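Both backbone and side-chain heavy atoms feed into the values below; hydrogens, waters and symmetry mates do not. Convention: sequence-line order gives letters A, B, ...; per-chain numbering from 1. Since the structure is predicted, the reported quantities are computational estimates derived from the model, not experimental observations.
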Protein chains: 2
Amino acid sequence: MARVTREEYLDTAESLFAERGFYGVSIAAIADQLGLTKQALLHHFGSKEKLYGEVLRRISERFETLSDNPRGAVMSSEETARTFFLNLHATASEYPDQSRLLMRELLDNNQRAASAGKWYLKPFLENLIAMMQALPAWKASSDAQALAAGYQLLGAINYYSISEPTLSGIFGSEAYEELDAGFPAQLRGLIDAVIATGAPD
Amino acid sequence: MARVTREEYLDTAESLFAERGFYGVSIAAIADQLGLTKQALLHHFGSKEKLYGEVLRRISERFETLSDNPRGAVMSSEETARTFFLNLHATASEYPDQSRLLMRELLDNNQRAASAGKWYLKPFLENLIAMMQALPAWKASSDAQALAAGYQLLGAINYYSISEPTLSGIFGSEAYEELDAGFPAQLRGLIDAVIATGAPD
DNA sequence: CTCGAAACTTACCGCTTGGTAAGTATCTAT
DNA sequence: ATAGATACTTACCAAGCGGTAAGTTTCGAG
């Protein structure tokens, strides 16, 4: 299968899984949207679980590059952390499907067997801990403290990014746009507060 | 149907929907766990959608009491806000099913028709805005700014509360317990930072 | 031109799904 | 005692599910 074709198939699957969840999407529905029969999809990916796994694997690959230093520039630990979280927000805004799918994975992880969540989240979270502990205010903090702090920022970012349909449904799309425009500045304030404050005693 | 029986049925449905999502649970599975046939459930609730709707309605009722002042005590706006968010965290820890189900609702809201998400979240969010604007540092902020700030704390709390299985899966349950023990203090710091800082220029 | 592999399609299959129809048991108010 | 509502059960159904089997078309390398 041509690489570009495969990517196209995975794109469609990713978008549908993100919208409706694993159980909410049939392979026939994905194939339909691609103009194929479901057996064509099964031919390429073997099973629904494997197709879903490929979608997750692709996301995890994208994730790994997220914490890379963008231009090889030397940055202070504060700048590194700030850039990372703002990048995360930007990525979440740009690829809303990805955030939604990961959120679903977080919810289903403990009960669906073939879940790939653990192995791809672990390095990501370990990197998060290291990044927090590189900050002067967090140098002395335990892994648990650093993770808690980083996880709170992660939550602020990801929870917001999946709320767009609901928020613009409640407040109207123009009010949502105002909210969305102001969000990064707000987030920056939150990030700086965490960076500066350090662990509680 | 006796009120207590009905509550029992809804409890079981709520727990299963929270675990596996709307599409991931069959009415037969819910009935099974209750020792009934699925037709008994259909008899009482009419359809799967209606049963799910009842589960959501019950959660929304619980939600409304959450922002009530606990003992009628007079509190400063700072104390009110701090208490609210810490209560939210406590409730989320105590009833993880509820958080999980609401998160799923947030994800499905825009595409599943009978979603009740919007109407029950609106008063909750409006109350959140008012509570933020009652704070001295946020007095001059717009609705959008106040909502963004409140929503970030909401995200930090709710995102964490659904991550327990994944986090303890990755780091082990004893490490997770350390994380969990330190989380509230960490959260308190974050809340205080938001309360004190105010909207960015 | 040919041959084989890759990319499909058509035809099924057994199972589960949500839901209907029709009956039966149980309880309660008169 | 009885009538009627409530709480079920058994029997069934059409539709959709993931997956298998067996062909057919497309296509690129030799």
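- Atom OG1 of B:Thr83 is separated from atom CG of B:Leu88 by 12.0 Å, given to the nearest 0.5 angstrom.
- Listed by first and then second residue, the side-chain hydrogen bond (donor to acceptor under 3.5 Å, both in side chains) pairs involving residues 129-147 of chain A are A:Gln133-A:Asp143 (not counting sequence neighbours).
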Scoring nucleotides 25-30 of chain D by protein non-hydrogen atoms under 4.0 Å (B base, S sugar-phosphate only, - none) yields ------
Which letter, B, S or -, goes with each nucleotide of nucleotides 11-30 of chain C from 5' to 3', with contact meaning a protein heavy atom under 4.0 Å? B-----SBBB----------
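- The distance from atom NE2 of A:His43 to atom C1' of C:dA7 is 5 Å, rounded to the nearest whole Å.
- Partners of B:Tyr160 under the ring-ring contact (aromatic ring centres under 6.0 Å, His included) rule, at least two apart in sequence or in another chain, are B:Phe183.
- Here B:Phe45 pairs with nothing under the ring-ring contact (aromatic ring centres under 6.0 Å, His included) rule; sequence neighbours left out.
- Nucleotide D:dT6 holds its C1' atom 12 Å from the OH atom of B:Tyr9, rounded to whole Å.
- With sequence neighbours left out, B:Tyr151 forms a ring-ring contact (aromatic ring centres under 6.0 Å, His included) with A:Tyr159.
- OP1 or OP2 of C:dC8 sits under 4.0 Å from a side-chain N or O of A:His44.
- Applying the salt bridge (Lys or Arg N to Asp or Glu O under 4.0 Å) rule to B:Glu94 yields no partners; only residues at least two apart in sequence or on another chain are considered.
- Classified by interplanar angle (parallel below 30°, tilted 30° to 60°, perpendicular above 60°), the ring pair A:Phe22/A:Phe17 is parallel.
- Whole-Å rounding puts the B:Arg6 CZ to D:dA7 C1' distance at 14 Å.
- Remark: C1' of D:dC17 and CD1 of A:Ile30 are 13 Å apart, rounded to the nearest angstrom.
- Residues passing the salt bridge (Lys or Arg N to Asp or Glu O under 4.0 Å) test with B:Glu164: none are found, sequence neighbours excluded.
- Here the P atom of nucleotide D:dC8 and the CZ atom of B:Phe45 are 11 Å apart, to the nearest Å.
- Taking B:Phe171 as the reference, nothing meets the ring-ring contact (aromatic ring centres under 6.0 Å, His included) condition, with sequence neighbours excluded.
- Nearest nucleotide to the side chain of B:Thr37, out of C:dC8, D:dC8, D:dT9: D:dT9.
- A:Asp32 has its CG atom 11 Å from the P atom of C:dT9, to the nearest Å.
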